[in-house]
Structures are given as C-alpha cells and as structure tokens.
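Beneath this line is the structure, given in structure tokens, with notes to follow.
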Amino acid sequence: AKGATERQAMAYLQPVVIDMHAVGNPWLNYSIYLSNLLIPGVLGLFIFMITVYSLGTELKFNTARALLRRSGGSTAAALTGKLLPQLLVFLFSGTVCVWWLYGHLHFPCHCGLSRMWLIMALFVVGCQGLGVFMFTMLPTLRLGLSFASLWGVISFSICGMSFPCMAMHPVLQGLAWLFPLRHYYLLYVNSALNGYALQNAWPYVLCLLAFALLPLLCLPRLGKVLREYAYLP
C-alpha cells in the first residue's frame with residue numbers, strides 16, 4: 001500500500017531471519033513428533049486393559065480355580081499360560097509398528113530396526129507386567145479396567161511428548177518414572193533420534209525390566225485372589 005517492494009516490506013515485517021535446523025527432524029514433519037509416541041502409547045493402553053480384562057474375566061465367569069487346577073496349582077504356570085499367547089500378539093503388533101514407522105515411512109532411525117524392535121519388546125513386556133500388577137492390586141474387573149485406562153491415558157501427558165517433563169512440578173517429575181511410555185520415549189530419543197549407544201540410557205532399560213518383573217512380586221497375592229476372591233460387579 002505504501003509502494004514498497006517485496007524485499008523492503010519483508011525487511012519491516014521480519015528484520016531478523018531465523019535460520020532453523022531441527023535436530024532429528026529437519027523436515028519439521030509433525031507426524032514424526034506424534035506418531036512415534038501416539039502409536040506405542042495406544043498399544044500400551046490396549047496391553048493394560050486386555051491384561052486386566054483377561055485376568056478379571058476368570059473371576060467374573062468363575063473359572064479361576066479351574067485355571068489353577070489345569071496348571072497343577074501353580075500360579076506362575078497359570079499366569080504364563082494365560083498371558084503368553086497375548087504377549088506374542090502384542091509383540092507382533094509392536095513389530096508391525098516398528099516396521100511401518102521406520103521401514104515403510106522412513107522416519108528417522110539412527111540406531112537400526114533391530115534396536116528399536118528390542119526397545120519396543122521391552123515396552124510391551126513392561127506394560128504387560130504392570131497390567132498384572134494393576135489387577136493384583138485391584139482385583140475387581142471394574143476397578144482394574146478403570147485404573148488401567150486412567151494410567152494409559154495419563155501416559156500421553158506425562159511422558160514428556162507434549163510438555164517437557166523437566167518443566168513439570170517436581171512431584172509429577174517423580175511420578176513420571178511410574179509410566180512405561182516415559183521410558184520408551186526417552187529410549188526412542190536416545191536411540192532413534194540421536195543415535196547414541198544404549199548404555200547412555202541404561203536406567204530406562206532397567207525401569208522397563210522392573211515393570212516386566214513385577215508379576216514375580218505379585219504371585220502370592222495373585223494366587224490368593226484366584227483361589228479365594230469372588231467377583232464383585
């Protein structure tokens with residue numbers, strides 16, 4: 001309107017030109033930011049709920065004692081037989097996710113598909129172990145599913161994907177360690193985006209392993225639940 005050329009107008013509108021180089025995502029592809037966490041997060045939510053539901057229905061349909069009898073009275077054998085087929089399905093789903101994101105869509109992956117599959121496998125078994133813990137602590141189908149769905153949904157907010165965890169309240173920063181998706185996110189950033197060695201993120205690997213081993217601590221109480229507890233609607 002004032003008769004200025006385009007170059008003169010841009011000097012007024014943007015006197016300083018920002019030369020931005022996004023680390024790990026130079027294309028500024030928003031799908032890379034979201035898909036790498038939303039898809040595993042949804043998978044983790046399904047794992048929580050399916051694990052709790054599969055154990056809770058044993059009480060609902062009064063088949064828990066029959067399950068223990070078929071397992072020779074061993075809670076560990078009953079739990080393994082119950083969850084192993086589900087674990088194989090979840091691992092297959094995780095494998096498809098890894099191949100789709102990094103093999104088909106060619107999202108940044110500076111560590112190789114094999115390591116990302118290993119991280120995904122740790123995430124899957126960690127979520128399944130936490131799901132067993134959820135049911136053992138709340139052995140009611142309604143409460144267990146509510147707890148599983150709540151924990152899975154909060155994972156998206158507290159993992160650090162949408163808001164940096166370091167800027168959260170110190171209490172929330174400590175609480176974030178109790179969510180498997182938080183450790184998966186940090187392992188993804190360490191390995192796929194930055195290409196660092198897995199040794200740099202060993203605390204997060206140990207946390208996922210700790211989640212996976214939670215059922216070992218729950219076996220005595222889980223056995224009591226399957227033998228003695230009655231279904232409460």
Side-chain angles (χ1 to χ4, degrees), residues 1-47 93-124 126-127 149-205 207-208:
K2 293 184 178 181
T5 64
E6 181 179 355
R7 186 170 182 177
Q8 291 171 334
M10 289 304 298
Y12 289 111
L13 297 175
Q14 192 179 20
V16 178
V17 179
I18 300 175
D19 188 13
M20 182 169 55
H21 300 275
V23 178
N25 185 12
W27 315 276
L28 296 180
N29 185 346
Y30 209 54
S31 181
I32 293 177
Y33 292 122
L34 295 180
S35 300
N36 284 286
L37 269 298
L38 287 179
I39 294 176
V42 171
L43 177 61
L45 174 61
F46 285 157
I47 294 174
S93 301
T95 302
V96 172
C97 291
V98 170
W99 173 81
W100 181 263
L101 292 174
Y102 309 111
H104 179 71
L105 297 179
H106 301 289
F107 281 0
C109 183
H110 301 296
C111 63
L113 294 181
S114 58
R115 193 197 298 182
M116 280 310 301
W117 182 88
L118 176 61
I119 294 173
M120 177 64 75
L122 285 173
F123 174 70
V124 167
C127 289
S149 59
L150 176 64
W151 210 253
V153 170
I154 293 178
S155 300
F156 295 103
S157 301
I158 206 169
C159 73
M161 172 191 65
S162 57
F163 187 80
C165 189
M166 64 182 69
M168 296 179 185
H169 191 277
V171 175
L172 295 179
Q173 293 184 33
L175 188 63
W177 285 80
L178 302 180
F179 292 81
L181 188 62
R182 169 65 177 166
H183 306 294
Y184 175 86
Y185 170 62
L186 294 174
L187 288 171
Y188 156 72
V189 172
N190 177 84
S191 299
L193 285 185
N194 296 330
Y196 296 153
L198 203 56
Q199 291 86 340
N200 295 329
W202 63 266
Y204 314 120
V205 174
C207 286
L208 290 179

Q | Residue pair Ala4 / Ala9: nearest heavy atoms and the distance that separates them | A | CB-N, 4.4 Å
Q: To the nearest 0.5 angstrom, please state how far the CG atom of Leu45 sits from the CG atom of Leu150.
A: 10.5 Å
Q: For residues Gly41 and Phe156, report the shortest heavy-atom separation together with the two atoms involved.
A: C-CZ, 3.5 Å
Q) Heavy atoms, side chains only, cut-off 4.5 Å: are Leu43 and Met120 in contact? A) yes
Q: Quick one: list whatever passes ring-ring contact (aromatic ring centres under 6.0 Å, His included) with Tyr188, sequence neighbours left out.
A: none
(Q) Quick one, Leu181 and Met161 - any side-chain contact, counting heavy atoms below 4.5 Å? (A) no
Q: Grab the two heavy atoms, one from Cys127 and one from Gly44, that are nearest each other, plus how far apart they are.
A: SG-CA, 3.9 Å
Q. About how many Å separate CG of Leu193 and CG of Leu187, when rounded to the nearest 0.5 Å?
A. 12.0 Å
(Q) Suppose we screen for ring-ring contact (aromatic ring centres under 6.0 Å, His included). Which residues come up paired with His104, at least two apart in sequence or across chains? (A) Trp99, Trp100
Q. For Leu178 and Pro180, which heavy atoms make the closest approach, and how far apart are they?
A. O-CD, 3.8 Å
Q) Can any side-chain N or O of Asn190 pair as donor or acceptor with the backbone N or O of Ala197 at less than 3.5 Å? A) yes
Q) Among all residues two or more places apart in sequence or in another chain, which pass the side chain to side chain donor-acceptor pair (under 3.5 Å) test with Arg115? A) Ser191
(Q) Which heavy atom of Gly160 sits nearest to which heavy atom of Arg182, and what is that distance? (A) CA-NH1, 3.9 Å
**Q.** Atom of Ser35, atom of Leu101 and distance for their closest heavy-atom approach
**A.** CB-CD2, 4.0 Å
Q.
Do Tyr102 and Asn36 pair up side chain to side chain, a donor and an acceptor below 3.5 Å, judged on atom types alone?
A. yes
Q.
Does Tyr33 have more than 12 heavy atoms from other residues, nucleotides or ligands lying within 6.0 Å of its OH?
A. yes
Q | All ring-ring contact (aromatic ring centres under 6.0 Å, His included) counterparts of Tyr185, not counting sequence neighbours | A | none
Q) Excluding sequence neighbours, so at least two apart, what forms side chain to side chain donor-acceptor pair (under 3.5 Å) with Tyr204? A) none
**Q.** From CG (Asn200) to CG (Asn194), nearest 0.5 Å
**A.** 9.5 Å
Q. Are Leu122 and Tyr184 close enough that some pair of their side-chain heavy atoms sits under 4.5 Å apart?
A. no
Q. Pairs in or reaching into residues 149-178: which pass side-chain hydrogen bond (donor to acceptor under 3.5 Å, both in side chains), with residues at least two apart or in two chains?
A. none
